[in-house]
Amino acid sequence: MYNGLSLDQAPPISVVLRFFLSVPFFGMLLSLLMILYPAQVLIPSHPYSLAAVHLMVLGILTTSMIGALFQMQSVLGGRPIPSAQGNALIIHTLLAVGTLALAGAFFAEITALYVVASVLLGASILHAANLVLPLLFGGVSHDTLRGMRLALIALSFTAVLGIVMATSYASGAFSPSHGAIRASHYSLGLIGWIGALIIAVAFQVIEMFYVAPPYSPWCKRNAFRLIAAALTLKIVWLFSPLPYGWVFDGVLAALLLGFAVTTLQRLRGRKRRVSDVSIWFWSAGTALLAIAIAAHTATLAGAADVLEAVALIAFLLFALSVILGMMGKIVPFLVWFHLSSAGYLDAPIMSNIIPQKRAKLLFALFLLTAAALLAGVFIPTLFAAGGVFAGAMFGVLLYNLAYALKLYRHTLAHGTRFTQE
Amino acid sequence: MILEFMRDDHRACDHLYAEAETALMAKETKKGAEAFKQFSKATLHHFDMEEKELFLAFEKRTGMMGGPTQMMRYEHQQLRSLLESMRLALEESRINDFFGIGESMMIMLQQHNMKEEQMLYPMTDRALGGDAELMVQTLREMKR
């Protein structure tokens with residue numbers, strides 16, 4: 001039962017940072033696309049729009065989430081990812097180059113790049129899932145672990161469906177099921193992968209780090225079962241095709257709204273009242289999730305299709321908000337932790353690694369980006385302005401990460417180290 | 001049984017820390033120092049319960065001597081050192097340092113607690129079986 005169990009502390013810092021450091025570069029590329037081609041990015045299924053969406057979901061969200069998984073697995077999974085350094089290098093390289101290839105394929109409509117992207121992204125994602133999933137089964141189980149399982153299974157299916165779609169784009173031959181495949185691909189990716197992993201993390205982080213009231217045990221126990229069931233039935237309905245498939249969208253919307261409302265309640269009821277930018281990011285994120293659900297539900301009820309763009313942008317911003325908030329905690333903690341564990345007496349404290357002032361600047365730029373992009377759905381000039389704010393936001397993120405790395409290296413080279421004679 | 005008892009004790013410690021932070025933010029230094037003292041005392045007592053009773057029983061039942069419990073002991077040492085740094089910062093009225101070190105301490109403590117609550121305590125419950133209730137009684141009776 002306890003085979004391979006280790007409560008070891010953390011993988012080497014380079015494992016997580018390599019993923020995080022590439023996020024601002026993808027962010028700036030995405031910003032450039034939004035600044036230069038706002039109108040095209042806003043047209044659903046336009047190649048530039050697909051390039052932008054994939055830069056966001058793969059280059060920014062999935063890259064940071066897989067990086068965080070390497071850290072989380074050693075804390076929550078009980079069994080750390082084996083050969084973390086080598087596997088992180090493989091997964092990260094394939095993911096980064098694959099994302100660039102896919103965005104390039106959409107942007108320049110180069111057929112061969114679809115094939116390259118399929119191979120690289122498929123290899124990266126399926127290798128990551130194959131590496132982590134077996135570690136999540138067979139030992140002690142808990143709610144967050146169940147969420148991580150669902151997220152990784154959903155990510156694997158998203159990748160497989162993505163490969164099927166990429167071959168259609170490459171060959172120009174679209175099957176009659178293309179619509180069902182596309183809807184399954186984005187439902188699994190957005191709700192099953194991104195949504196489930198954030199919920200799984202929230203179940204742990206909100207209560208413990210902010211000393212907030214706990215989520216109801218019933219919700220924690222059943223949330224992922226319900227999401228998995230609703231997603232599975234939605235996909236069956238899509239492929240059948242059967243009427244009333246929107247019911248499952250309604251169920252998923254209700255579940256996510258429940259999560260947003262209860263999370264906001266918990267954050268408001270937290271005992272730790274210290275001003276903390278990560279709480280602002282969580283609060284803004286859950287508010288954006290509520291906007292996404294409201295817009296999506298309105299389109300289910302027959303409102304204008306333009307609200308679907310609002311729903312998608314708000315949902316992606318929700319995920320980005322949570323990720324930026326968590327990154328602002330994880331990076332300084334890891335720098336401090338690795339240095340002090342190695343015996344450096346002058347390891348910088350967290351608030352000196354990313355000072356509050358720069359954390360607040362990042363949040364302010366995030367809010368400006370979110371407001372401009374959402375308003376930009378109706379006024380394309382504002383969408384381009386949102387691209388400018390996003391570019392500035394990712395610039396600050398890059399500075400924060402690079403500064404943290406510089407401090408880490410400086411202390412390694414010049415710090416005073418405690419050694420036992 | 002053990003999971004619930006120890007998890008509740010974790011939460012009780014967290015509340016004491018939140019009280020200390022709130023008081024210090026409101027510049028109520030004396031009240032903050034007292035709450036921190038209570039938090040530190042409760043946390044150290046929690047470590048003692050584990051090191052003097054729980055981990056020994058787990059190791060005896062499972063035969064796992066140098067595994068997860070050893071790592072938990074190592075983390076206790078790191079946390080003890082952080083608590084001492086925070087105590088000194090408070091004593092020397094370096095409130096910003098107190099909060100700075102506290103941020104790292106809290107993340108480390110919560111990661112540590114997660115490992116115990118998600119893995120170690122459920123495993124200990126399984127390993128002790130019917131004796132878990134007796135163990136909780138022993139822990140409850142340990143002097144603070």
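In this text, all values refer to a predicted model and were calculated from it rather than measured experimentally. Below, chain A is the first sequence line, B the second, and so on; all start at residue 1.
- The two residues B:Met25 and A:Val274 make their nearest non-hydrogen contact at SD-CA, 3.4 Å.
- Within a 6.0 Å radius of CG in B:Asp8, other residues, nucleotides and ligands contribute more than 12 heavy atoms.
- In this structure, CE in A:Met208 is found 12.5 Å from CD1 in B:Ile107, a value given to the nearest 0.5 Å.
- A distance of 10.0 Å separates CE of B:Met114 from NE2 of A:His142, quoted to the nearest 0.5 Å.
- Counting non-hydrogen atoms of other residues, nucleotides and ligands closer than 6.0 Å to CZ of A:Arg409 gives a total of 12 or fewer.
- In this structure, chain A has a heavy atom under 4.5 Å from the side chain of B:Glu117, while its backbone stays farther away.
- Within the model, atoms CZ of B:Phe99 and OG of A:Ser275 stand 10.5 Å from one another, a figure rounded to the nearest 0.5 Å.
- Note that CE of A:Met350 is 12.0 Å distant from CE of B:Met106, once rounded to the nearest 0.5 Å.
- With a threshold of 4.5 angstrom between heavy atoms, B:Leu82 approaches chain A through side-chain atoms but not through N, CA, C or O.
- The shortest non-hydrogen separation linking B:Gly100 to A:Ser351 is CA-OG, 3.9 Å.
- Taken from OH in A:Tyr210 to CD in B:Gln110, the straight-line distance is 11.5 Å, to the nearest 0.5 Å.
- Counting non-hydrogen atoms of neighbouring residues, nucleotides and ligands closer than 6.0 angstrom, the CD atom of B:Glu84 exceeds 12 such neighbours.
- Between A:Leu76 and the choices B:Met119, B:Gln111, B:Lys115, B:Gln118, the side chain to side chain contact (heavy atoms under 4.5 Å, CB included) rule is met once, by B:Gln118.
- Looking at A:Phe333, only its side chain comes within 4.5 Å of chain B, counting heavy atoms on both sides.
- Here CD1 of A:Ile353 is found 7.0 Å from OG of B:Ser104. Values are rounded to the nearest 0.5 Å.
- In summary, A:Lys271 and B:Glu19 do not engage in a salt bridge, as defined by a charged side-chain N under 4.0 Å from a carboxylate O.
- Counting heavy-atom pairs closer than 4.5 Å to chain B, the top residue among A:Ile349, A:Val205, A:Ile330, A:Asp276 is A:Ile349.
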Apply salt bridge (charged side-chain N to carboxylate O under 4.0 Å, His left out) to A:Arg273 and B:Glu21, showing your working.
CA-CA 8 Å; A:Arg273 308 307 298 182; B:Glu21 270 190 341; over 6 Å; no

